[in-house]
Amino acid sequence: DFEGGLRFVLAAAWLFCPETVEYRGCVFLEDRFDPANVDNWFRDLDGSREHVEIMVNAVALWDVFTNTDLVDENRFGEELPQLAMAIGECWQGILSRRYPDRDVTVRVTGEEDRDYGPTVTFWTQPARGPRPED
């Protein structure tokens, strides 16, 4: 409850509880969605919905925190992968609840991904069977 804290929480909400859109039988993060870009990915990936969703929905945390020096391994080496896991857990629950007719898979990569750092992405497919009622 520090002064100005609400603005930080609101800024983080999009990361933990992202808005989504449906397009061409897929689910995309709204802030990453551009129909022309998605159409290009469909062409480049031979129409593979799963691979298009994986590419478009990928959020590399290094790209989110561009104004923070992330080189300090002692300071961020463990925290960013933990943050990626927390985001992934949130996405799994939120997207599964939001799209009960789809199977949602969230993939989190950690510090082993040296090119992009910790990354979170997801893909969906039609549900394979009945889901238990809440």
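- With a 4.5 Å cut-off on side-chain heavy atoms, Val27 and Val21 do not count as touching.
- A chain of hydrophobic side-chain contacts below 4.5 Å, direct or via other Ile, Leu, Val, Met, Phe, Trp or Tyr residues, connects Trp14 to Ile87.
- Between the CG atom of Leu83 and the CG atom of Leu61 there is a distance of 5.0 Å, given to the nearest 0.5 Å.
- The shortest side-chain heavy-atom distance between Val120 and Trp91 falls under the 4.5 Å cut-off.
- Side-chain contact between Glu30 and Pro18 is absent, with no heavy atoms from C-beta onward closer than 4.5 Å.
- Between Ser96 and Gln92 there is a side-chain heavy-atom pair separated by less than 4.5 Å.
- Between Val52 and Phe28, the closest side-chain pair of non-hydrogen atoms falls below 4.5 Å.
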Next on the checklist: Show, in sequence, the C-alpha distance, side-chain angles and deciding distance for Tyr99 and Asp101, and conclude whether the side-chain contact (heavy atoms from CB on, under 4.5 Å) test is met.
Outcome noted: CA-CA 5 Å; Tyr99 299 99; Asp101 60 333; 4.2 Å; yes
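- Using a 4.5 Å cut-off between side-chain heavy atoms of Ile, Leu, Val, Met, Phe, Trp and Tyr, with links allowed through other members, Trp62 and Val108 fall into the same hydrophobic cluster.
- Atom CG of Leu95 is separated from atom SG of Cys17 by 9.0 Å, given to the nearest 0.5 angstrom.
- At distances below 3.5 Å, at least one donor-acceptor pair connects side-chain atoms of Arg49 with backbone N or O atoms of Arg24.
- Below 30°, between 30° and 60°, or above 60°: for Phe33 and Tyr23 the angle between ring planes is above 60°, a perpendicular geometry.
- Within the model, atoms CG of Asn57 and CH2 of Trp123 stand 11.0 Å from one another, a figure rounded to the nearest 0.5 Å.
- Cluster membership check: Met85 shares its hydrophobic cluster with Val59, using side-chain heavy-atom separations under 4.5 Å among Ile, Leu, Val, Met, Phe, Trp and Tyr.
- Val104 and Val56 sit in two unconnected hydrophobic clusters of ILVMFWY residues. Membership requires side-chain heavy atoms under 4.5 Å apart, directly or through other members.
- Within the 3.5 Å criterion, the main-chain N or O of Gly117 finds a donor-acceptor partner in the side chain of Thr119.
- Atom OG1 of Thr124 is separated from atom CZ of Arg98 by 12.5 Å, given to the nearest 0.5 angstrom.
- Of the possible polar contacts, none joining the Gln125 side chain to the Glu50 backbone as a donor-acceptor pair under 3.5 Å is found.
- Thr121 pairs in a side-chain contact (heavy atoms from CB on, under 4.5 Å) with only one of the listed residues (Met55, Arg107, Glu53), which is Arg107.
- Counting heavy atoms from C-beta on, the side chains of Ile94 and Thr20 never come closer than 4.5 Å.
- Side-chain contact check for Asp31 versus Glu19: every heavy-atom pair is 4.5 Å or farther apart.
- In this structure the side chain of Pro118 never reaches within 4.5 angstrom of the side chain of Glu79, judged on heavy atoms.
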